[in-house]
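It should be emphasised that the depicted structure is a prediction, and the values quoted were computed from it without experimental measurement. Letters A, B, ... mirror the listed sequences (proteins, then strands); counts begin at 1.
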Amino acid sequence: MALNDNKAGMGNLDKERINKVIYEMSKGSKYYENEQRKEEQVKAKIAAQHKQIQSFDAREIEKSELQADAMLAAIEEMRDFSRTIVHIDMDAFYAAVEMRDNPSLKNIPMAVGGSAMLSTSNYEARRFGVRAAMPGFIAKKLCPDLVIVPTNFDKYRQVSKDVKEILLQYDPNMCPMSLDEAYLDITQHLAERKNFDAEQKTFRTADGEQRMFGIAPNMMLAKVCSDFNKPNGQYLIPFNRQAVMDFVKDLPVRKVCGIGRVSCSMLGAMGVVTCSDLFRKRGLLLKLYSAISFNYFLRVSAGVGSTSVQRGDDRKSMSTERTFAEINRPAELFAKCYELCEALVEDLKKENLKGKTITLKIKTIKYIVRTKAHSLLNATQDVQLLYSTARDLLRTEIRLCSPEPLRLRLMGKSRGEQKLPFGAVKPKTDGRHTLLNYFKSPK
DNA sequence: TACATACAC
DNA sequence: TATGGTGTATGTA
């Protein structure tokens, strides 16, 4: 519930005052109560983990350590310094675009979003603790002079496209992660660049936007680097093992992409704070976590990440959801349900896709989220068919609740397992938790 | 397959 | 006026 200061621009601020304001604005709300419920869940998970840990004896842990060391040797084997990976991150992107188009916003605290939620804020605003993913009304309390500009996605998409155009010159296989982030493999470019003249060596991006580069031997490290030296910074990890190990030694695990709030708490509970702690506690971690997660932790501890920048171009699901003022009358719930089916079908048709598994998502006014799914025999993009499936799922939920009304603040639809228009199927590789088969048991 | 959770942006 | 929307992966049953 406190301020998330994991991101940049939050160096010297009065965290105590900020947290107090956030707390005062939040306490007693349904949202806050749900957050507390979630915190309790994490505590329970930690307690369960603790109990499990106590059931291990020292010999078991030692054995696991040996097994982990064998896995680590295999990871070491794959360490690759042959690629130069760049992670580029447009700084406070939406805010930067708005400031470019309206310079009067430049030197005042400003954020992009609405009174319910902010997407991002400029550095002036960050000094007050105003940041992305904070509701606008709390931000206003923290900074009464804050100017909130409504989100203008079409504009950001256009600017993003312009920037991508430039990045493509450096890596034709460049991989955008969002409107303001991308990974590049510039190995090839660097080789060709040796013959460039001074003019050709100039790097250009669109006017007005600042950007951060992280340059490293792999994607995981490049991503962490781009968060250093903000704003407009650039950070490079030298391409040798010692430099990488020095870099990860004191790196907090929370900085690593993929280790979020919950994992960080769970790891913290057993004394794992930095990446080298992941190595220190490898015996324990191997016993506690799945093969996929553990392997990922080991790779992080060694500073080994993916070196293959490639787009996964087959989408796996498509969804639409809305938050609204409470709805509880069945007729209105069904009407909302139909509306969402229509919206989803419209999006499906844009990409000429069909859905097979239809999922109904609901969030009660207490912020409890539930999903219900049903798979059809054949993929469809037909509104009526989609709706009849979704309607049945919703009806079941209403009945489950009765005689109390089902009181919702959000409803959503998604479809997965789609059939692509021309039957293309593409298996994809290297998720962030790639499991390597040869990490079975050591001999 | 169904569902919940975690995570990123 | 009042805590978002979209997509992916994973664990578990």
Side-chain angles (χ1 to χ4, degrees), chain A residues 1 4 6-7 22 25-35 38 41-42 45 87 89-90 92-94 112-120 131-141 148 151 153 156 160 176-182 223 227 254 256-266 288-296 312 314-326 340 343-344 347 356-363 365-377 393 396 409-418 428-435:
Chain A
M1 220 30 245
N4 175 351
N6 189 36
K7 277 289 174 194
I22 295 175
M25 293 300 288
S26 301
K27 68 172 180 197
S29 69
K30 293 269 190 288
Y31 174 81
Y32 183 73
E33 281 170 19
N34 187 250
E35 288 301 301
K38 279 162 42 182
Q41 277 178 6
V42 173
K45 279 175 77 168
H87 180 259
D89 187 334
M90 303 300 290
F93 182 55
Y94 301 171
V112 177
S115 66
M117 190 53 64
L118 301 179
S119 291
T120 187
R131 47 154 298 126
M134 174 181 278
F137 70 92
I138 290 180
K140 272 282 197 185
K141 263 281 190 302
I148 299 180
T151 326
F153 274 110
Y156 314 143
S160 179
M177 301 305 287
S178 64
L179 291 182
D180 70 335
E181 256 186 55
K223 165 90 183 158
D227 200 41
R254 187 66 179 87
V256 177
C257 187
I259 299 180
R261 190 182 53 88
V262 175
S263 305
C264 190
S265 295
M266 305 270 297
L288 287 170
Y289 286 85
S290 71
I292 290 173
S293 298
F294 179 65
N295 186 238
Y296 167 68
D314 55 335
R315 72 148 72 232
K316 296 175 178 58
S317 70
M318 180 181 275
S319 65
T320 181
E321 66 186 59
R322 298 279 166 261
T323 293
F324 37 72
E326 175 174 351
L340 287 162
L344 182 57
D347 291 345
K356 201 164 149 64
T357 301
I358 174 92
T359 305
L360 172 75
K361 174 178 173 183
I362 59 179
K363 189 191 273 178
I365 56 163
K366 291 181 175 174
Y367 291 85
I368 309 279
V369 176
R370 278 197 295 272
T371 59
K372 297 288 160 178
H374 184 256
S375 294
L376 302 166
L377 287 172
L393 293 168
T396 307
R409 70 180 331 274
L410 172 145
M411 195 186 294
K413 297 291 161 52
S414 81
R415 71 99 195 88
E417 293 290 300
Q418 86 290 354
K428 63 119 233 301
T429 54
D430 209 288
R432 96 187 147 67
H433 296 307
T434 309
L435 171 62

Quick one: side chains of residues 113-120 of chain A, donor-acceptor pairs under 3.5 Å with protein atoms, not counting sequence neighbours, listed by atom name and distance.
none

Hits for side-chain contact (heavy atoms from CB on, under 4.5 Å) against Glu326(A), two or more places apart or cross-chain, chain-then-number order -> Asn328(A), Ile365(A), Arg407(A)

TODO: Select base, sugar-phosphate, or nothing to describe what Leu410(A) touches, counting heavy atoms under 4.0 Å on all strands.
DONE: sugar-phosphate

Rounded to whole Å, NZ of Lys27(A) lies from P of dT3(C) at a distance of 18 Å

Open item on the list: Counting only side-chain nitrogens and oxygens, does Thr323(A) get under 4.0 Å of the OP1 or OP2 atom of dT3(C)?
Closed with: no

Pairs under 3.5 Å (Watson-Crick or G-U), crossing ones as [ ], inter-strand ones as |: DNA chain C comes out as ....|||||||||

Looking only at the aromatic ring of each residue, does the gap between the centers of Phe153(A) and Tyr94(A) stay below 6.0 angstrom? yes

Arg409(A) has its side chain closest, among dG4(C), dC3(B), dT8(C), to dG4(C)

Is there, by distance only and without an angle test, a donor paired with an acceptor across the side chain of Ser26(A) and the base of dT3(C) below 3.5 Å?
yes

Ser375(A) has its side chain closest, among dC3(B), dA2(B), dT6(C), to dA2(B)

Assign each of Asp180(A) and Leu393(A) the nucleotide of DNA chain B bearing its closest heavy atom; nearer the 5' end lies the nucleotide of Leu393(A)

In whole angstroms, the gap separating P of dG11(C) from OH of Tyr289(A) amounts to 11 Å

### Query
Should the heavy atoms of other residues, nucleotides or ligands under 6.0 Å from CE of Met177(A) be counted, would the total exceed 12?
no

Comparing Phe153(A) with Met318(A), nearest DNA chain C nucleotide closer to 5' gives the residue Phe153(A)

- Query: Heavy atoms under 4.0 Å, any strand shown: does Thr320(A) hit a base, just sugar-phosphate, or nothing?
  - Reply: sugar-phosphate

To the nearest angstrom, the CZ-C1' distance between Arg261(A) and dC7(B) comes to 10 Å

*dC7(B) versus dG4(C) - spacing of their C1' atoms, nearest Å*: 16 Å

Asn295(A) atom CG is separated from dG11(C) atom C1', nearest whole Å, by 17 Å

Ile292(A) atom CD1 is separated from dC7(B) atom P, nearest whole Å, by 15 Å

Judged by nearest nucleotide, the residue sitting upstream toward the 5' end of DNA chain C, Ser290(A) or Glu321(A), is Glu321(A)

Can you confirm whether more than 12 heavy atoms, excluding those of Lys141(A), are under 6.0 Å from its NZ atom? no

Salt-bridge criterion met for Glu321(A) and Lys361(A) (N-O under 4.0 Å): yes

Side-chain atoms of Lys45(A) come closest, of dG11(C), dT5(B), dG7(C), to dT5(B)

Worksheet item: Hey, does Lys30(A) reach any base, or is it just sugar-phosphate, or nothing, if we go heavy atoms under 4.0 Å?
Response: nothing

At 4.0 Å (heavy atoms only), tell me whether Ser414(A) reaches a base, stays on the sugar-phosphate, or touches nothing.
nothing

Per nearest nucleotide of DNA chain B, the residue lying toward the 5' end, Gln41(A) or His374(A), is His374(A)

| task | Could you check whether Val256(A) gets within reach of a base, just the sugar-phosphate, or nothing at all, counting any heavy atom under 4.0 Å? | result | sugar-phosphate

**Message:** Assess whether a salt bridge exists between Lys30(A) and Glu33(A), defined as any Lys/Arg side-chain N lying under 4.0 Å from an Asp/Glu carboxylate O.
**Reply:** no

